[in-house]
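Inspection log for the structure reproduced underneath, given as structure tokens.
Per chain, numbering begins at 1; letters A, B, ... match sequence-line order.
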Number of protein chains: 2
Amino acid sequence: MGIRKRLAMNVRRLRKERGLSQEALGHEADVDRTYVSGIERCVRNPTIDIVERIAKALEVDEADLFRRI
Amino acid sequence: MGIRKRLAMNVRRLRKERGLSQEALGHEADVDRTYVSGIERCVRNPTIDIVERIAKALEVDEADLFRRI
DNA sequence: TTGTGACTTGGAGTCCGTG
DNA sequence: ACACGGACTCCAAGTCACA
């Protein structure tokens with residue numbers, strides 16, 4: 001499984017666990033809602049600075065976003 | 001500590017543990033040696049596709065590149 | 001062997017909308 | 001609430017010469 005897929009699954013899972021919409025997460029992380037959607041669908045190739053902001057918004061360590069479940 | 005710094009430290013540490021030069025790692029990961037240098041100096045903001053290639057070259061999990069030591 | 005500045009080009013990231 | 005698309009800006013990708 002590629003790194004995009006892993007990130008996608010972890011972001012979607014953690015986001016839902018927190019009861020957040022893509023738009024709400026986008027607002028917390030200060031990224032566009034369509035971009036969150038793109039990450040979860042593996043069509044985007046985000047930079048690590050974006051990953052950092054999403055991790056902070058989800059209150060997890062950056063490494064957790066790349067864990068294989 | 002920011003995500004760039006963490007990535008930088010882990011890449012440099014793991015690279016040295018394997019006795020690789022920046023150029024050798026660059027060759028394995030198919031990225032320019034100056035780009036590896038830029039990552040280790042936190043001046044680059046790489047995408048996750050680049051991180052994936054470097055993790056593969058270092059034979060570690062992607063998450064390991066973001067671990068805090 | 002590594003650091004660094006400069007450069008071009010493609011894609012990261014935003015904003016508008018739709019079903 | 002989400003997938004998807006178009007148009008846009010600007011930075012990352014990728015490379016080079018030189019210290």
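A salt bridge links B/Asp61 with A/Arg6: at least one charged nitrogen is closer than 4.0 Å to a carboxylate oxygen. For the pair B/Lys56 and B/Glu62, the salt-bridge criterion is not met [side-chain N within less than 4.0 Å of a carboxylate O].
Note: CG (B/Asp32) to P (D/dC16) measures 7 Å, nearest angstrom. One atom, CD1 of A/Ile54, and another, C1' of C/dA12, lie 13 Å apart when rounded to the nearest Å. One can place CG of B/Asp30 at 8 Å from P of D/dT15, the figure rounded to the nearest angstrom. Spacing between atom CD of B/Gln22 and atom P of D/dT15 amounts to 16 Å, rounded to whole angstrom units.
Picking from D/dA12, D/dA3, C/dT4 the nucleotide with the shortest atom distance to the side chain of B/Ser37 gives C/dT4. The side chain of B/Arg41 has C/dG3 as its nearest neighbour among C/dG3, C/dT14, C/dG13. Between C/dT14, C/dG3, C/dT1, one nucleotide has an atom nearer to the side chain of B/Ser21 than all others, and that is C/dT1.
The shortest distance between the side-chain N/O atoms of A/Arg44 and the OP1/OP2 oxygens of C/dT14 is not below 4.0 Å. Contact between the side-chain N/O atoms of B/Arg15 and the OP1/OP2 oxygens of C/dT2 is found at a separation under 4.0 Å. In this structure, A/Arg12 reaches the D/dA3 phosphate: one of its side-chain N or O atoms is under 4.0 Å from OP1 or OP2. The phosphate of C/dG13 has OP1 or OP2 within less than 4.0 Å of a side-chain N or O from A/Tyr35. For the OP1/OP2 pair of D/dT15 and a distance below 4.0 Å, the side-chain nitrogens and oxygens of B/Thr34 include no atom meeting the criterion.
Along DNA chain C, the nucleotide closest to B/Glu23 and the one closest to A/Ile50 are compared, and the more 5′ of them pairs with B/Glu23. Nearest-nucleotide assignment on DNA chain D puts the 5′-proximal partner with B/Thr47, out of B/Arg33 and B/Thr47.
B/Val60 and B/Leu25 fall within a single hydrophobic cluster, where Ile, Leu, Val, Met, Phe, Trp and Tyr side chains are chained together by heavy-atom contacts under 4.5 Å.
At a threshold of 4.0 angstrom between heavy atoms, the contacts of A/Asp49 with the nucleic acid are absent. Residue contacts for B/Asn45: at a heavy-atom cut-off of 4.0 Å it reaches the sugar-phosphate backbone alone, with no base atom in range.
Of the N and O atoms on the side chains of B/Arg41 and B/Ser37, at least one donor lies less than 3.5 Å from an acceptor on the other residue. Using modelled atom types and a 3.5 Å distance limit, the side chains of B/Thr34 and B/Asp32 yield a donor-acceptor pair.
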